[in-house]
*Asks:* 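Below: one structure in structure tokens.
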Amino acid sequence: MQTPESDSPGPDPATLRWSETLHDHSHVLIRHIVPQDREAERAFIEGLSDEARQMRFMGQVRHPSEATLDRFTRLDLEREAAFVAVTMEDAHERIVGVSRYSGNPDEGVCECAVTVTDQWQNKGLGTILMRHLIDVARARGMKRMVSMDSVENVEMRDLAKHLGFTRRIDPEDASLAIHELAL
């Protein structure tokens, strides 16, 4: 169940926060990613299992570069959105899930991704993160959301189908699936 702590988006995306209860009754806080999340984002990526890393980054990122961390935490709000799901661990926030899109507002198309750590999968977190992302993309005038994923990524296939995305195999690379949602 979503409980906004701030009713209006305002100019500062860091003010938007939602408390979410997952299928197993655990709780996470969902909020926009901010530059101060740089080290938590590094820990999140480096803490992903080999399988999760393979599904999200096609196995190409184990230790994110400084440029990647900048790109992931310093958003161009005209073109991008990113949410993190966090829990408290040793008095610090720990990122357990991320959803993001990057797009071209002039074309109305954005590419999305979602990643949830292994321990937090199958609790509904990926669905919650993606629904927030879809709502923001619609509100910002995007017309179409796409995701390029390995055909072996069964979790993304199932999530995309659940959220109403269509699926087709990339005609140029049969190892990739293209998921697409009209917004």
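This is a predicted model, so every value here is computed, not measured. Positions are given from 1, in the same order as the sequence printed here.
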*Asks:* Quick one: do Thr117 and Leu48 satisfy side chain to side chain contact (heavy atoms under 4.5 Å, CB included)? Show the steps, please.
*Replies:* CA-CA 6 Å; Thr117 62; Leu48 291 173; 4.3 Å; yes
*Asks:* If you take all heavy atoms of Arg138 and Ala182, which pair is closest and at what distance?
*Replies:* NH2-O, 4.3 Å
*Asks:* Applying side chain to side chain donor-acceptor pair (under 3.5 Å), can you list everything that pairs with Arg42, at least two apart in sequence or on another chain?
*Replies:* Glu39, Glu66
*Asks:* Using the salt bridge (Lys or Arg N to Asp or Glu O under 4.0 Å) rule, collect all pairs that involve residues 95-110, keeping only residues at least two apart or in two chains.
*Replies:* Glu41-Arg100
*Asks:* Please answer: with hydrophobic residues joined when any side-chain heavy atoms are less than 4.5 Å apart, are Leu125 and Leu163 in the same cluster?
*Replies:* yes
*Asks:* Keeping to residues at least two apart or across chains, list the side-chain hydrogen bond (donor to acceptor under 3.5 Å, both in side chains) pairs with something in residues 80-94.
*Replies:* Arg31-Glu93
*Asks:* Does Leu69 offer a backbone N or O that forms a donor-acceptor pair with the side chain of Thr73 under 3.5 Å?
*Replies:* yes
*Asks:* Leu75 and Ala82: which non-hydrogen atoms are nearest, and at how many Å?
*Replies:* CD1-N, 3.5 Å
*Asks:* Does Arg79 use its side chain to pair, donor to acceptor, with the backbone of Gly103 at less than 3.5 Å?
*Replies:* yes
*Asks:* Look up atom CD in Glu180 and atom CE in Met148, then write down how far apart they are to the nearest 0.5 Å.
*Replies:* 11.0 Å
*Asks:* Between CG of Leu129 and CD1 of Ile134, what distance do you get to the nearest 0.5 Å?
*Replies:* 11.0 Å
*Asks:* Tell me which pairs pass salt bridge (Lys or Arg N to Asp or Glu O under 4.0 Å) where either residue lies in residues 117-133, with sequence neighbours left out.
*Replies:* Asp24-Lys123
*Asks:* Name each donor-acceptor pair under 3.5 Å that joins a side chain in residues 171-179 to protein atoms two or more places apart or in another chain, with its distance.
*Replies:*
residue : atom : partner : partner atom : Å
Asp173  : OD1  : Ser175  : N            : 3.0
Asp173  : OD1  : Ser175  : OG           : 2.6
Asp173  : OD2  : Ser175  : OG           : 3.4
His179  : ND1  : Asp149  : OD2          : 2.9
His179  : NE2  : Arg167  : NE           : 3.4

*Asks:* If I compare all heavy atoms of Cys112 with all of Leu133, which pair ends up nearest, and what's the gap?
*Replies:* CB-CD2, 3.9 Å
*Asks:* Which heavy atom in Ile45 sits nearest to a heavy atom in Pro64, and how many Å separate them?
*Replies:* CG2-CD, 3.9 Å
*Asks:* Under a 3.5 Å distance rule, please check whether Asp37 uses its side chain to pair with a backbone N or O of Val34 as donor and acceptor.
*Replies:* yes
*Asks:* Can you check whether Ser99 reaches His132 side chain to side chain, under 4.5 Å on heavy atoms?
*Replies:* no
*Asks:* To the nearest 0.5 Å, what is the distance between CD (Glu20) and CG (Leu29)?
*Replies:* 9.5 Å
*Asks:* Tell me, with the steps shown, if Lys143 and Leu183 meet side chain to side chain contact (heavy atoms under 4.5 Å, CB included).
*Replies:* CA-CA 5 Å; Lys143 303 296 181 210; Leu183 301 173; 5.6 Å; no
*Asks:* State the CG-CE distance between Asp135 and Met130, to the nearest 0.5 angstrom.
*Replies:* 10.5 Å
*Asks:* Give the minimum heavy-atom separation between Thr115 and Phe44, together with the two atoms involved.
*Replies:* O-CZ, 3.7 Å
*Asks:* Is there a side-chain contact between Thr127 and Leu159 (heavy atoms, below 4.5 Å)?
*Replies:* yes
*Asks:* Who passes ring pair (Phe, Tyr, Trp, His ring centres under 6.0 Å) against Tyr101, sequence neighbours left out?
*Replies:* none
*Asks:* Which residues pass the side-chain contact (heavy atoms from CB on, under 4.5 Å) test with Pro35, sequence neighbours left out?
*Replies:* Arg74
*Asks:* Who clusters with Val151? Use side-chain heavy atoms, under 4.5 angstrom, across I, L, V, M, F, W and Y, and order the result by chain and number.
*Replies:* Ile169
*Asks:* What distance separates Met142 CE from Cys110 SG, expressed to the nearest 0.5 Å?
*Replies:* 5.0 Å
*Asks:* Nearest 0.5 Å, what's the CG-CD distance between Asn122 and Glu155?
*Replies:* 7.5 Å
*Asks:* Among all residues two or more places apart in sequence or in another chain, which pass the side chain to side chain donor-acceptor pair (under 3.5 Å) test with His25?
*Replies:* none
*Asks:* Does Gln119 have any side chain to side chain donor-acceptor pair (under 3.5 Å) partners at least two apart in sequence or in another chain, and if so, which?
*Replies:* none
*Asks:* What closest approach, in Å, do Val136 and Ala81 show between heavy atoms, and which atom pair accounts for it?
*Replies:* CG1-CB, 3.9 Å
*Asks:* Do the side chains of Met88 and Trp120 join up, straight or via other hydrophobic residues, at under 4.5 Å, putting them in one cluster?
*Replies:* no
*Asks:* With sequence neighbours excluded, what pairs up with Asp70 under the side chain to side chain donor-acceptor pair (under 3.5 Å) test?
*Replies:* Arg38
*Asks:* Are Val146 and Val98 connected in a single hydrophobic cluster, I mean Ile/Leu/Val/Met/Phe/Trp/Tyr linked by side-chain heavy atoms less than 4.5 Å apart?
*Replies:* no
*Asks:* Between Thr68 and Arg71, is any pair of side-chain heavy atoms under 4.5 Å apart?
*Replies:* yes
*Asks:* For the pair Phe83 and Trp18, name the ring-plane relationship: parallel under 30°, tilted 30 to 60°, perpendicular over 60°.
*Replies:* perpendicular
